Amino acid sequence: METIAKDGMTPFELAARDPEMKKQALAARVNGAVAELWHPLAAGDQVELLTFADEEGRRTYRHTASHIMAQAVKAVRPGTKLAIGPAIDNGFYYDFDTEEPFSTADLAAIEKEMSRIVKANEKLERFELPRPDAIRYMEERGEPYKVELIQDLPEEAVISFYKQGDFVDLCAGPHLPSTGRVKAFKLTHVAGAYWRGDEHNKMLQRIYGTAFPTREELDAYIARMEEAKRRDHRKLGRELDLFSLVEEGPGFAFFHPKGMVLRNLLEEYWRKMHKDNGYSEIRTPIMLTKSMWEQSGHWDHYRDNMYTTLIDDVEFCVKPMNCPGGILVYKNKMHSYRDLPLRMAELGLVHRHEMSGALHGLMRVRAFTQDDAHLFMTPEHIKDEIKGVIRMDCEMYDTFGFKYSVELSTMPEDHMGDEADWEKATETLRQALEEVGMPYVINEGDGAFYGPKIDFHLEDCIGRTWQCGTIQLDFQMPERFDMTYVGQDGEKHRPVMVHRTILGSMERFIGILIEQFAGAFPAWLSPVQVKLLTITERGDARAAEIERLLDAAGLRAEKDLRNEKIGFKIREAQMEKVPYMLVIGDKEIESGEVAVRSRKDGDLGVMALDTFIARLKEEVATKAM
RNA sequence: GCCAACGUAGCUCAGCCGGUAGAGCAGCGGUUUCGUAAACCGCAGGUCAAGGGUUCGAGUCCCUUCGUUGGCUCCA
């Protein structure tokens with residue numbers, strides 16, 4: 001809703017003209033800047049009213065909720081010091097410095113106090129103070145963290161505060177006009193968090209919560225979280241017998257037979273795609289001498305995460321990345337400009353000593369297989385090669401129905417090489433993205449230590465994002481390893497190198513796949529595609545025969561000949577999320593047909609076995625979802 | 001690594017104020033031969049994560065270590 005204001009009005013008065021908007025308006029955008037509903041307007045101001053549907057409206061709403069929580073914490077735990085409390089994607093948090101950590105019981109007490117504050121409908125008021133007054137004010141109130149924040153604000157900054165009841169917080173705003181406008185909230189969990197995100201600083205207590213305009217929306221959010229728990233790949237991985245993680249090997253996944261079928265199918269598809277795109281495949285050792293890692297620069301930049309060992313008095317490092325292997329293969333012989341671009345893929349097993357607290361199912365492990373590839377080329381090839389990789393990424397993700405977003409990461413503080421090279425490399429990546437029409441955002445300072453990169457982030461079923469694909473441009477390694485090719489002029493030249501993954505890691509991608517499909521994989525990926533269910537032992541021979549025929553057709557079948565009722569066998573097959581069940585009783589033995597049941601649609605009735613096989617083969621061939 | 005919570009049978013969980021461990025499912029053995037999401041009976045299964053301490057006595061209280069979970073930090 002866009003409108004032009006009259007002098008002396010407020011956005012709230014504008015909203016009041018429309019009964020719907022009066023209820024929904026949370027903040028306003030005035031001439032491009034977000035402001036409160038009570039912000040005084042001048043004649044001709046461009047005003048857009050913001051509701052919960054707008055990101056800024058959502059943030060304003062939840063930011064006020066976080067202030068209410070902080071106020072409640074101050075009441076429940078007097079003497080608590082305030083740190084920071086912003087709105088985040090799905091809610092808000094506030095960091096506190098307390099004597100005693102919070103418990104779940106405390107959350108209930110804080111929620112109760114929050115309800116009281118909401119009911120009291122206290123007005124939020126903004127005021128500004130000059131810097132020395134602001135510092136003194138926060139010192140008097142016993143808020144050392146706020147004092148530190150003020151001291152770090154730039155000289156010219158306006159130092160604003162928000163007050164509701166006896167609670168005052170340093171805050172840029174905007175906020176809702178009063179606490180009564182926060183209708184539905186819930187505190188979700190407590191966690192430790194370092195002051196200013198720095199692990200050398202004190203660990204504070206963070207309380208997370210979320211807030212919605214209606215009870216129904218909050219309930220829907222809670223239901224979504226429950227659904228996420230139901231889809232958790234760690235739970236499904238155990239239930240479907242795909243993989244396990246045990247105490248004896250923290251961060252090192254065990255793949256079970258069914259998980260291995262899935263993994264091999266994924267690799268098979270991956271290999272086909274790479275072959276079609278002009279890649280060759282290599283495999284390089286998981287250990288190389290430490291001196292090699294010093295040459296590559298990994299030892300300097302990455303040693304804290306590397307596993308090392310001693311072999312015959314020589315130090316070796318287990319590879320945390322595959323690139324040196326690819327480089328050594330390249331350097332094994334002379335290359336002509338005619339060989340380039342050279343695309344060498346490797347499903348490479350890497351080990352990284354991740355911090356114990358970072359481990360998370362298959363998503364974050366200490367040993368994983370990257371679907372890596374290294375591309376060697378002349379500078380003229382760069383843009384087309386990058387565009388080619390981007391297209392492969394899109395094809396792969398579309399196959400599984402993933403949504404994804406792209407980031408371009410620039411030079412980090414800890415980097416090799418001079419800034420001009422970085423500038424040039426970054427610009428090339430940008431051009432490639434522009435030319436394929438791929439929307440992207442810049443991620444400042446997040447590149448690899450040897451070059452800028454393009455990252456693909458997949459969005460999972462509950463909106464979490466996972467980095468999978470990455471394309472990294474590298475001018476450094478070719479220098480360090482003195483890589484060359486012979487040009488048309490007969491002289492030696494330096495090739496350019498691109499590192500890239502599409503799936504990221506097989507482990508993480510499988511974890512994401514499990515959650516994406518809630519374990520109910522499309523037929524082409526299902527470890528077991530057909531379950532043969534006999535009604536009595538008279539069906540055993542026919543089941544064995546059908547199993548042979550399905551196997552001959554390249555389909556994966558399993559039979560359930562146990563002395564159980566058909567209802568029980570169906571229940572188990574459904575829970576195993578097998579796409580098709582064939583019920584084999586006396587009628588089917590007699591007719592030679594099969595009674596088909598689909599995981600999704602239930603009983604499909606009787607059909608000829610050939611018809612069923614043709615239908616399933618088609619479903620597999622098209623990778624139908 | 002840091003903060004917090006948790007760790008009891010393969011899985012999900014009970015076990016009160018400290019008195020020596022229990023259920024369902026799964027497994028195994030029987031009975032039953034059955035038509036689209038759980039037949040019945042029985043059996044077996046545990047150094048209560050590991051180690052130490054307090055106590056006449058510890059699954060329960062305290063300490064240490066390991067692991068898991070949620071975050072922080074880091075990241076494919």
Side-chain angles (χ1 to χ4, degrees), chain A residues 93 95 98 100-104 106 188-208 229 232 234-235 238-239 241 244-251 302 304-305 320-322 348 350 352-372 446 448 453 455-458 466-470 472 499-509 511-512 533-540 562-575 581-588 595-599 602-606:
Chain A
Y93 69 78
D95 286 346
T98 59
E100 289 285 308
F102 294 107
S103 70
T104 322
D106 293 324
T188 52
H189 54 282
V190 245
Y194 300 107
W195 167 236
R196 304 202 140 176
D198 185 334
E199 60 180 318
H200 304 294
N201 287 342
K202 180 164 187 186
M203 175 73 70
L204 306 173
Q205 293 290 311
R206 175 173 296 179
I207 302 181
Y208 284 91
K229 227 182 265 176
D232 191 309
R234 294 166 297 190
K235 178 174 177 284
R238 187 178 53 241
E239 288 172 1
D241 200 12
S244 57
L245 288 155
V246 300
E247 205 169 312
E248 291 82 352
Y302 210 72
D304 290 347
N305 287 317
M321 298 184 193
N322 299 300
V350 298
R352 298 182 184 178
H353 186 69
E354 300 296 349
M355 288 190 294
S356 57
L359 303 179
H360 178 93
L362 288 183
M363 302 300 198
R364 200 69 193 284
V365 289
R366 284 178 172 160
F368 56 100
T369 300
Q370 289 183 306
D371 68 314
D372 219 335
D446 203 36
K453 58 178 186 170
D455 290 325
F456 287 77
H457 296 257
L458 294 198
W466 295 99
Q467 187 186 321
C468 289
T470 172
Q472 308 178 347
H499 312 242
R500 50 111 279 195
T501 63
I502 295 179
L503 304 175
S505 96
M506 301 308 291
E507 285 76 6
R508 173 179 291 183
F509 198 79
I512 296 169
L533 311 178
T534 52
I535 290 175
T536 71
E537 60 194 10
R538 291 188 298 280
D540 290 5
R562 291 175 304 169
N563 177 12
E564 296 289 351
K565 288 191 151 181
I566 194 67
F568 180 83
K569 293 187 182 185
I570 285 171
R571 180 183 146 83
E572 287 211 338
Q574 285 285 153
M575 291 195 307
M581 289 149 257
L582 300 183
V583 176
I584 301 155
D586 291 341
K587 279 182 265 176
E588 289 73 28
V596 182
R597 183 186 162 98
S598 131
R599 171 181 70 196
D603 195 348
L604 300 184
V606 176

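Bear in mind that the values here come from a model prediction, so they are computed numbers and not experimental data. Proteins come first, then strands; the chains are lettered A, B, ... in the order of their sequence lines, and each starts at number 1.
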Exercise for review: Considering only atom P, compute the distance from rG53(B) to rC16(B) and round it to an integer number of Å.
Suggested key: 25 Å

Review point. Taking atom C1' in both rG19(B) and rU55(B), what distance in whole Å separates the two?
Key: 12 Å

Practice item. Determine the contact category for E564(A): base if any of its heavy atoms lies under 4.0 Å from a base atom, sugar-phosphate if only primed atoms, P, OP1 or OP2 are that close, otherwise nothing. Key: base

Check your understanding: Which one, rU33(B), rG70(B), rG35(B), comes nearest to the side chain of T536(A)?
Key -> rU33(B)

Practice item. Name the nucleic acid region contacted by D586(A), choosing base, sugar-phosphate or nothing; use a 4.0 angstrom heavy-atom cut-off, strictly under. Key: base

Review point. Paired with rG22(B) by Watson-Crick or G-U wobble geometry, both distances under 3.5 Å: which nucleotide is it?
Key: rC13(B)

Review point. For atom P, what is the distance between rA49(B) and rA21(B), given to the nearest Å?
Key: 15 Å

Review point. Is rC17(B) in the syn range, within 90° of 0, or in the anti range?
Key: syn

Review point. Is any side-chain heavy atom of C468(A) less than 4.5 Å from a side-chain heavy atom of L458(A)?
Key: yes

Revision key, fill the gap. Taking a pair to mean Watson-Crick or G-U wobble geometry with both distances below 3.5 Å, rG67(B) pairs with rC6(B)

Exercise for review: Using the P atom as the reference point in each nucleotide, state the distance between rC72(B) and rG29(B) in Å, no decimals.
Suggested key: 50 Å

Review point. According to the 5.5 Å centroid and 30° plane-angle thresholds, does F368(A) stack upon the nucleobase of rA76(B)?
Key: yes

Exercise for review: Counting Watson-Crick and G-U wobble pairs only, both distances under 3.5 Å, name the nucleotide matched with rU31(B), or none.
Suggested key: rA39(B)

Point to revise | Polar side chain donor-acceptor pair, Q574(A) to R597(A), under 3.5 angstrom | key: yes

Check your understanding: When the P atoms of rU54(B) and rC62(B) are considered, how many whole Å apart are they?
Key -> 15 Å

Check your understanding: Considering only heavy atoms and no angle criterion, is a donor-acceptor pair shorter than 3.5 Å present between the side chain of R206(A) and the base of rC72(B)?
Key -> no

Review point. Does any non-hydrogen side-chain atom of H353(A) lie less than 4.5 Å from one of D304(A)?
Key: no

Practice item. Can you tell me the pairing partner of rC48(B) across any strand shown, Watson-Crick or G-U wobble, with both distances under 3.5 angstrom? Key: none

Check your understanding: Checking all strands, does V365(A) fall into the base, sugar-phosphate, or nothing category for heavy-atom contacts under 4.0 angstrom?
Key -> base

**Study point:** Residue whose closest nucleotide on RNA chain B lies nearer the 5' end, V583(A) versus E537(A)
**Key:** E537(A)

Practice item. Mind checking I566(A) for me? I need base, sugar-phosphate or nothing, with any heavy atom below 4.0 Å counting as a touch. Key: sugar-phosphate

Review point. Considering heavy-atom distances to RNA chain B, does V596(A) or A191(A) have its closest nucleotide positioned more toward the 5' end?
Key: V596(A)

**Study point:** N/O donor-acceptor pair, side chain E588(A) with base rG35(B), under 3.5 angstrom
**Key:** yes

Practice item. Please state the P separation for the pair rG18(B) and rG57(B) - nearest whole angstrom. Key: 15 Å

Check your understanding: Is any side-chain N or O of Y194(A) under 3.5 Å from a base N or O of rG71(B), one able to act as donor and the other as acceptor?
Key -> no

